[in-house]
Structures are given as structure tokens and as C-alpha cells.
Amino acid sequence: MSSTNTEVVNDRQAMLLLLRHGVAFSAFFACLTILVLAPYRYLLRSVGEELSANEICELSAKEKVLWSSGFLSAGTHLKKPMIEKQQATILAVGSSRTMQFRTKMFSRIPEAKFYTVGGAVQNAVDLDNCIQNVLAARPQLIILGLDFWWFQAANGISSDDLIRDVSSSLTETKSIRETLDGYNRAFRLKVRFSVDRLQMYQQAWNDPRFHERLWAESRLDDATGRVKLGCKKTGGFRNDGSYRYSALIDQPFTPDQIAAQGEALVQAGKYVAAGVDQAACVRLARFLHECRKGGIEVVALLPPIESRVLRQLQAEDVGGEFWKQWPFITEQICGMTGHEFYDCSNPELSGISSQQFVDWLHAADTGHASLLAQICESTPASALNQYVDAEQLRADVINRVSELDLYGD
Amino acid sequence: MVFNSLVFCIFLPLVFVAYWLCRKQKNRNRILLASSYVFYGWWDWRFLGLILISSLVDYQCGLKIGSSAADSQKKRWLAVSLCVNLGLLCTFKYLNFFAESTATMLQMLGYRAGWSTLHVVLPVGISFYTFQTLSYTIDVYRGKCDVCSKPLDFFLFVAFFPQLVAGPIEKAHILLPQLQKARRLEIDSARHGLRCILYGFLLKSVVADNLTAFVDGVYNQPESASGFELLMATYGFAFQIYGDFAGYTWIAIGCAALFGIRLTQNFRSPYLSESPREFWHRWHISLSAWFSEYVYIGLFGGARVSGFRHVLNILLTFLISGLWHGANWTFVIWGGLNGILYFVAAPFRGSWWSKQLNAMVCFHMICATWILFRADSVATAMTIFERIAYWSPTQMAAGTVPSWYPVAIIPLCVVGMEIIGGDSPGVLQQYTQTTRWLIYSLALFALFFLGVFDRTPYIYFQF
């Protein structure tokens, strides 16, 4: 067919030659890929979409930031590494429901650093997995937000399941977020470039919202002087790891809308509980025990739930038995390991109104300020009193900027 | 196993290396046969029994036809081969269709049929390998092909994995001699194979699978789609089925080339045809050739008959071809309609523009037939025709635009690529290495960034 064949003596030599051509082409393709993707990645980096947890940590130490990402799963991408990187004295641990604790709430000792890794721990397995990080970080106090779904047997999620999800998402990418969530969990951000990432770019590129966000948010400085990073327009993480729900602060849901959202989920049977999950209890006990051994004080609490939705959740036919047992069991576990426990699930008891909820699961920082003040006032021996100035907090709540915005930042 | 799967991406290089590491031709064929059975058995190992029965019967029939002195004896063995192969095909593919059709007809005449249909699963690719193995016994009977005395070679001819489930349907006198002779790994042939594979994946994952969601969305609920959407979906389907089927056969051709075997080119830019007659010489060429040789000429006598009979022969051949595609009246009518269109000549003559106009007219005629091919039933096809015919521009709601935009872009890219590049990736051979590598890289980028990798099944597997 051509001159190449004349050089080839036998099939094995031909195979080797073919392999050589393959390697040469792969190198050519790799160089081309880098050239093609470099501007694209630069574009993403320039708006903060591609920043690593390290870089965000460094930036957060220097200037006022609001970091989020339209495409990376910010919760896992950013928060888990932050447990160790931030070296905080007071660490809030839990899901997004612990993301409304703020640095200014712990003002009694100014040099005591606060950081919330809210978002990094979504279930009891995550809690178990972060024990070593927490011990290595050695905070003096942990505020641990316990979510009811961690302990609902029917809702149990095993980390094995999450990792299995990744193997399927390698070929069947359903959405950018799903893929990246699984990718981050499975590879713990060690793999920086893969076909998944290419698919993410492709999906991002095909998503009109991407362009909208990219160009709209490419101006980094906004009126408040805050550095905005990432392509997400709606909000982001502040320097202390707390989350600013920018869009909802501007246009909050009405209490009826908030209640309706939760009630719809409850009625759909999403939170029907078969009982308290023993495995989750064991994991919680292990975490608390390890903290005790490491000399770390833990204040465990059940974050508030919008009152109408809470009543639905506690209804006999949905999860009556679970809601009777669960607070009691978790309190017992905390008691056994000598840690404090507060059931703050009923917002009315903490003086939090429905207007102080971002949505039915998330009370705003104004609500969390009331909650902390109430704990400190009702329990003078609480470890929180060392860091929280309850009087100041009450004053802050009175002078709040809006129902959902305590400090206006 | 399907080509667009991770398993196949591992399977092919393993077979390739094992195959060329063997020095003896016999061992190479053994490897190919074993891997072909693994490839086919990956779907359902029980269907391997059907291939084995078909291979065994035709191998024996070939031997008997070859050793028979009397013509009557040869005919008898040919009849055995035809009965077994067509019997298997009819049982698995057409039994329910004929039973239901007869029952409906009896019901229309006032009788009630007492039988019920069976739940028969259609084995993948049965229509393809049945036709291929039939070509052997017919060719041996006609003396066009030597008797294959080595079972290994013959069984490999029936089961050769690249073209086993969706063609190209190779005639015995073309493929068998290639399997029997010693082969060498030729670098250029292997390169050509890889080019064809890349082109095939491009057609499947970028062209066909990107159109699937829109086409299926509209065609699965045609009653809720506007005439404009149905029109767009029909154009989309024309390129979806082309990308899907041509993509498959290019991958098949490429894989075969890696093993030193040359398969028939099955598509030659069919949508650039100026008339339906030309279209059928460019679309699924191996099937058209099979029907032409064994049905149109072999069974009906071809063109060497009276004018009326000639017309009838063509119509009958297309009707049977329609039935081959599927056990449904939509396919039969599709075949008949193509038979009629076969006589429609290109309307314009002369300039370059006339050729383009002819291609446009031909494309629309073919698209009209695709409606029957894609619709679930004749009634649905009629509804689609009606909606498209009575479409008015006011139905073109702005909200529908994002869902059909790939239909407007992908076909243009395919047609543009074929006008500029020709009808085969082999044309790239004329360029310098750097240009070729740039083109391959571009194709790989398109595959990574635009490809859909959700393992969408190949349309032609159902046939």
C-alpha cells in the first residue's frame, strides 16, 4: 500500500511500529489538548471557578471574599479540606444547617478563630470519616449540628453507595453537579483532570446559564468591596465558611411558601422514618468519644425546623415514634460522653419566627443568634459562654438589618 | 457487546494483540472465532445456539451440494438450507406478525382466531447473519463459490464479530477467501481501520445520539407535536439513522481492517443522491446488492423479462426488503413506497445547481419514506403526514427552538463534511501527516465535547 510496509519484516515489527505511531499521535493530541483547553481553563480560573481549597484558604486570610461555584460542588470541594486548613478554635460541623453561625457571634474572645465547615458533613458516615481531620485540626470547641435524616433508618446513605455512583457517572453523566459531587468524594480531589472534567466543560458550555453567570460575574468587585469568586450569582461562602443566601436575602420566601415547600416533601413521604438507625448512633458515639479523648469540647444541637413543617414531621403517621425517640437517644449519647446537648428543633422555643427562615430547613443567621443567646442564658455552665456574649447577641438581633440578614454583610 | 461501550474498548485491543501475536493462520482464525462468540454471547449466551445451528446446517449443506453429482440432489440440499435459515428467521422475527395479521384478517371476515401469540425475543442480528450464511449455500449451488471444507473458516465466516450483528452483509465469495488465506499486518491498512473506527464513532456518538433525544421526544408523542416539530424530527431522524447505521458499519469496516480483512463499503454519501434509484446504490449497499443478486435477479429474473414484469420484480423486491427490516406493516409499506419511488427520475438536468436541487428533492422523498419507517403504526404515520401537510408557520413557537437546534446544525455539518471530504475516511490518506493528525484531533475533540456516551442502542440491531 505504501512505503511503510517495505520496512516491516514481520507482524510483530508492524505492531511495534503501529504502537510507536500511536504514542507519537497521543503526544501530539495531548499537546493540542493543552493548547485548546488552556484559554478555557484560564477563563474559569479568572472568575474563581477553578480555585483549589488551598487558594481559597489563602485568599480568605487576606481579603473579604464571597466564594461559590456554579459547577463545582462547593460543599465538598471547599469545606472538607478546610477542617484542617483553617485551624479554628471554634469549629461548626454539620450540613448546610450549620452554615448560619457567624464569626461575630463568638466575640467574647476576639483572638478565638471561628469557622463553619457546614456542608461537609451530610450524614453519619461523613461524620465518621472526618474524625481524623477534626482531631488533627484540634479546635477547642465544636458546635455539632445533628440532622434528623442522619438517624432515619430508611434514609441511610452509605459512603459505599456514593462511591458506586461515581463508577456509573463515568459513563453516564447526568448532571454537572452529580458528577462532580461523586468525583470529589471518590477521588478526594486527587485527580485533577479526567474525562469527567471534559464532560463537565462540555455540559457547562452547552448550558446557557454558564455563559450568563460567567459574563455577569466576571467583574470581581461589587459595591461592598467584597471579592466575588466563582460563577454562581446567587450567593456564596464568606471568609468564615458561613453562607450568604444573597438572592433570598433580597427576595425572601413568605412563611406560607416556606411551609408549603416542606409540607410537600413530607407529604410525598420523603422523611417517613422506620426508626432510629443504630449504625448512625454508633458513629455519633464514636465521634464524640474521640473528641473527648482528644480534649475537644462538643456542643451538639438539633438545628431548628420551620414550626409548621416540624409539626407535620412529628405527626404520628409520618414519624411520630422516631421524633419521640431520636432527641432522647442523641441526648443520651452526648450525656454518656460528657458533651452538651440542646434540642433546638422547635424554633418557637428559641424565639425564632417563620420570617427568620431562609427555607423550611434553614434558619437564617438572625435565628441562630437568638438560639445561641438562649442557650448561653439558660445554661450558664455551657462551654459556649466562654466565647459567646449573649447580651451583645441579643442587641445584634434587635439591630438586625433584616429578618434574614444579621450584620448586613 | 456493543461498539459504543467500555467493554468493547478493552475487548478490541486485546483481540488485536492476541491475533497478531499468533503466527499460524489457523490459530488466528481460532482467536477470531472465539472472540466472535464472546462478542455475541455478551448479550445472551443462549442465542449462540442459533448461530451454531445455522452455521452447522449450512456447512453440511455446502459440503453436500459440493459433493452431489445430480442437480436434483443439489437442489434438495439448497432447500434444506433455505428452510432451516428462513424457518429460524420466520420463527423468531415474523411468527407473531403473521399470526396477528391472520387473526385480524379473519376477524374482519367475521371469524375468530383461537390462537394466541408467543412471547419471542428477537435475537440480535439474526437477519444479518441469516442472509450472509444463505449467500454461501446459494453461491455454492450456483458454482460461484468453492465449498468450504474447513469448519473453522466457515464458522468464522458466519460469526465474524465486526459485521455479525449489523453488517455489512458479506457474500461468501468475497469474505470466505479472505478468511482462508494468510494475512499480514499492514500498517496502512491498520491505520485506515483506525480512521474508519474514529469516523464511525463520530457518526454514532456525535451525529446520531445527539439527535436521539429530540427525535424520540417528538415521535413518541406525535399527537402533541406541531407540524413543524414533526418536520424537524423527520429531518433529524434521517440523519440519526444515517449516523447510527453508517457509524456502525464504519466501525465494523475499521475493526475488520485491523485484522487484515476488507469489508464492503456500505454507505457512499447517500443523501447526496440525485434520485431514489441512486440512493439505493449508496445506502446499505451490501443489503441492496444481496437483494439484487439473490431476490431480484436470482428469484424473479431481474430485468430480462417483460416491462410489466420488470416493474413488478422491483416492487416485490422492495416489499420483501421492507419486511426484512421489521415485522410491521409500516416497513412493508415503506418498502413498497421505495419501490414506487425507484422509478422517479431526477427532475433537473445540467448545471451544478441542478444536481443540488435534485439532491434536495430526492432527500425529501426519502424523508417521506422515513416517516413510515420510524412511526409505530400506519395510523401514526398518517397522523404525522397530515400534521406536516397542514403545518402553518404560526405553529413555530419560540419555546420549541432550543430543542430542535441540533437538527439544523448536525445535518449541515454531515453534508458539508461529505461534500468536501468525500464518502470515505480513506480520502484522508492524500493529506500530509500533520494535516491528518490535526483532523484526527479535531474529530477526537468533537467526540469528547459533543459526543453522547449513554450507550444508546444501535437502531439496526432490532432488524
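Chain letters run A, B, ... following the sequence lines, proteins first, then strands; residues in each count from 1. Because the structure is predicted, anything quoted here is derived from the model rather than measured.
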Okay, B/Arg23 and chain A: the region with an atom under 4.5 Å from a heavy atom over there is side chain
Roughly how far apart are A/Leu18 CG and B/Leu258 CG, rounded to 0.5 Å? 8.0 Å
If the plane angle is over 60° it's perpendicular, under 30° parallel, otherwise tilted; pick one for A/Phe29 and B/Phe445. tilted
Minimal heavy-atom distance between B/Ile187 and A/Ala14, with the atoms involved, is CD1-O, 3.1 Å
Could you grab the distance from atom CZ of A/Phe28 to atom CG of B/Leu438, nearest 0.5 Å is fine? 4.0 Å
Between B/Tyr440, B/Trp437, B/Trp20, the one whose heavy-atom pairs under 4.5 Å with chain A are most numerous: B/Trp437
Side chain proximity check, B/Leu194 to A/His21, heavy atoms < 4.5 angstrom: no
With a 3.5 Å distance limit and no angle check, can you tell me whether A/Arg12 reaches the backbone of B/Leu21 through a side-chain donor-acceptor pair? yes
Counting only non-hydrogen atoms closer than 4.5 Å, does A/Ala30 touch chain B with its backbone (N, CA, C, O), its side chain (CB onward), both, or neither? neither
Measuring heavy-atom distances to chain B, does A/Phe25 have an atom under 4.5 Å in its side chain, in its backbone, in both, or in neither? both
